[in-house]
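To keep things clear, I will list the structure first and then write my remarks on it.
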Amino acid sequence: MNTGYILQRLFSTLIVIFGITFVVFMIIQLVPGDPARVVLGVAASEENVAALRERLGLNRPIWEQYGSWLSELAQGDLGNSLVTGQPVLEQILQRLPATLVLATAGLIVGLLIGLPAGIMSALKPHSPLDTTTSILSQIGVSIPDFWLGILLVLLFSLTLGWLPSQGYTPFSQDPVDWFRHLILPALTVGIISGSIQTRFNRSAMLEVLHQDYIRTARAKGLREALVVNRHALRNALIPIITILGLQLTALLSAVVVVEVVFSWPGLGRLTLEAVLDRDYPLLQGAVFTIATLLALVNLGTDLLYAFIDPRIEYA
Amino acid sequence: MVKKYFSLIVVALVMAGLVGNSVAIPAYAQADCDSTYTVQADDWLSRIADRFLGDVLAYPAIVDATNAAANADESFDAIRNADVIEVGQVLCIPASEAAQASLAEIGTDISADEAQPGGTLKVAFQNEWAGLDPHTVSSYSSYQILNNVLEGLTFYDNNLNLVPWLAESWEQSEDGLTWTFHLREGVMFTNGREMTAEDVKWSFERLIDPATGAGNAARVGPPETQIEVIDDYTVAITHPEPFGIFPQSIGFDKSTGIVAKESVNEDGIIVEPIGTGPFQISEVEGTTRMVLTKNENYWQEGLPYLDAIEITPIPDDTVRETALLSGDVDWVLSIAPQNYESLEANPDVVVSTAPQLSYDYMGINLTREPFTDVRVRQAIALALDREEIAAAGYFGLAETIEGPTGPGSPWYFDYAPYGQDIERAKELLAEAGYPDGFEMELLPTVQYGETVRAAQVIQQQLAAIGITASINAPEWSQWLELEGNFNYDAYICNWNGLIDADQYYYLQHKSDQVFNFTGYDNPEFDELVTEARSTSDFDERYQIYQDLNQILVDDAPYIYMYNKLEIRAYSPQVKGFVTRSDQANNFWTVWLDQSAEE
Amino acid sequence: MTEHVANSLPLQKQAPPQAESLWLDALRRLRQQPLSIFSAILVCVLILTAIFGPLLAPYDPNDIDMANRFAPPSLEHPFGTDDFGRDILSRVMVGARVSLMVGIIAVGLSATVGSALGLLAGYVGRLTDEVIMRAMDIIFAFPAILLAIAIMAALGRGVGNAMIAIGIVYIPIFARITRGSVLSVREEVYIEAARSIGSTDGRIMTRHILPNILSPIIVEITLSLSFAILAEAALSFFGLGTQPPDPSWGRMLSEGRAYFQQSVWLAIFPGLAIMLTVLGFNLLGDGLRDALDPALKT
């Protein structure tokens, strides 16, 4: 892996982030409605709305608004929420930890399910274990995420009374309570994520196991464990990591829905609220933040990818 | 004096909380009436109790006696909800001694002394608050929080009587233009500064300043209203026209609450208002969690009982109810009406109701053909089976109405010309030139699920008179835009938290008002509704509103459907909470019964 | 050119078989797997329901009967009735159309556009690759459901816009998967062989690369069908899908959720319908995947 490649990927990630600002800004321009009206409410007079439009700079050409949003963004200023009046950045930073925690926990649960299940079923294709795993993973993929969340609440909170049904306790306040609140949302995200991973990991492993060099290795009489560990796993890692990268956006989608179901005070729920409230600056800021985070994760995935398989180079 | 007055209220609250609203009907009790009384319009139980038993707090005795009588005698109807008695209902009034005995029985374990101070109440609201600046928000979810933080000069008590609050008294000038308020002395803002007339002036002026853009500015008056500080504890408000119901107008919600000007930050925005209320805002995490803590300097001694209130919004009904059942929260703002029965049957939950001061209705666009024709609007009104709509919309936890006010309101008028009549409706349509009906769009909003459910039933009912309706159910912000720009045929929504008659007629229907979203314009109505505003005498006003009601119902810019029950649910540990018809949640008399724990 | 044919013959052994025989073989192997047969039947039933559902439904799916609301499953109403007394079986049957249509058209859009872009990016490389993949990265940087909601907010609600929104959201997945697979086969000997015998780029992409990377695309199509149907349910969950009273599984599920505690069948049957549909496509896709995998041969 060479520094040229890294620099190039960094550069293109910057371009992606720039593209994100453009897409976010444009989508929000397309959303019908008047931010000034949102601030003042239905009862406000036309004059007041017009005055606020002027003050918010909404009468300027779009590119000019985009430019000023960008330059403020560069200074770390995402503007103020139309609804609460609080700085958008403050609101986002407040919500970010909850989302990161849920996404990470969901990913860990997903990995704990997906890696062993995927690899083991690929090693013994069409065995009873494989069939069971495949049916379970397919059910997991097929369950609507909010439905799964509600089912888990019904079982673990309402019927068994083991776990809290919703909400969030900051870790600093009470780590045990924090963990108890995390379990159900993380399980919901994790089961869905794990099921997807299982399917992909199985495919990836199978693909590798059928490659010629594996057959050669086996033909050489290498022990099966060695074949799997040294040859198959290492080569399967490439698609598995790709899937993990791909998985993160899907994971965050599930996180958005699950945050709503469990009243989890994360960025996803904040974004949905912003969409429904037409809180344009908040929506812009939140979507930008999430997308940028994902772009950075994708950068990490690509770098890892190149690290594991040095054959892949960047022209 | 103040203290005594207040401890009376506390007792009333505690009792009302215990008697609750679902009254047990003992099968064994014998009817033992000293006299009977037929309920009149404008009556409520504690008032009747005061008249016959000399004690406003004796109403549970009447409930008990009437329910016992209903068991034995069909001429009585049982009172299932102490907050709902109907005009014409016959009550059994027990003898005074019997009432005392009955009260002693009910009240053995309740007294204000028993209230246990301390603890944190965990509550779940439904919607996220939309800003906390009382002057710029228009969202009711924000006011439901501010009720515990800010206070006004006047206040509606739990029986919806206007009572002195931050002002001890007030009077109107001879010419009717000026109201003078005498403030309570020694009331402290939560930052330790005393509240004076200057603060009243500042708060009201910020509210009516057009630059603030407050939707509720009219509560205080037009921008020309003069607010004058006479001395530290006296303030005079002079309107360009007589404003007869000014003391009522500033008692409705906390847009007219008194705010310390220190609340305004360097951007000219109020993020966390500082008030004189029983609680202060101490932690705000975006719109996901808020903590209110006890105001140690509160002017009502001994109150509030709670140390803190932790507020979380949970928009999802199922999740909110689950949180209550599993004990994650102690109190929820609302439950889904379909779960009313099962929650009521649950011994671990107290479900409490009060008829809302609200109505659900269909607003017709009077600026669009064919709805410009009053016969078309009346035909629609006649096509509806309101029982079925209420059943679909709110699971029957509602009274059907054909005018704005429900039977529970002192402003109820018995004028109901729109019982379902398909034949008459078809005739009217034919007369208007639409014998084969027409196509139209219904505009409910997903913000209020009941409107979307009602729309589906209305759709089927309209089909019976040849009108083909489609449904468009957008989210709230888009809905407001369509409604505000007259971009609809008929929308479905509700009005909430209306106490005075003025609120049922003025803002929505006077031709020059911003909340008039139907384009209704009737000069006769405008004149009368303005006159009613400048009148203070109840009987005089009652007459005017009776006429207004008839004009409005006949003109049918709104087609009224039903009046919902307000529902609160909480753990049995929560004491002293009263579900109010105006949907305010006042937590300063609430306490937690820790003895029930473990 | 002919003289090279002989040279390339040994290499062709390593190359995959021609597309026709590949698919025939796949079909033959598919028939040998009971799960695949089951899933094929399932999918057929679903497609037939989607086409003929309105004709076969025992009741008018929108007919309100308030006297008969929340009726539990019975002979008269096998799936029970909903909060308006409407027959849930009829609504599920008619709802199949919306869910399948949204899924198939949305995935059709993303698979066609995405695979084409991925093929181009992976095969041509350099600047083309850079431009396409950066554009994909930008779209991909948004969590699917949020981007779909944002697009719906801009386009307006409705089934057609839901298809477009969901379709756009999943384009990058196809582009990435296709590109990744192209990269892994681009340097394979048989491609170089094809290039060395002077095949055009277009021919190499469609005749040599595409058949070899079909299996991940097909796996992705089946998965995406489930994502799309689930995304439609989620959009309905947030109130952006079809308008009432017309039934879609997603909206039935999100409405039925409110009555989950008392009348569980309101949310169970549409939920099951979604699960079975998705399951059907997934099993079929898995079967196809195994059947199509050239490496499994011999």
Part of B:Ile314 lying under 4.5 Å from any heavy atom of chain A: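 Both parts, backbone and side chain.
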Residue B:Val284 versus chain A: region with a heavy atom under 4.5 Å: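 Both backbone and side chain.
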B:Phe486 CZ: over 12 foreign heavy atoms closer than 6.0 Å: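 Yes - once you tally the heavy atoms of other residues, nucleotides and ligands closer than 6.0 Å, there are more than 12.
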Heavy atoms from other residues, nucleotides or ligands near CD of A:Gln29 exceed 12 (cutoff 6.0 Å):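 Yes, because the 6.0 Å sphere around CD of A:Gln29 holds more than 12 heavy atoms from other groups.
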Interatomic spacing from CD in A:Gln94 to CZ in B:Arg289 - rounded to 0.5 Å: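 Result: 10.5 Å between the selected atoms.
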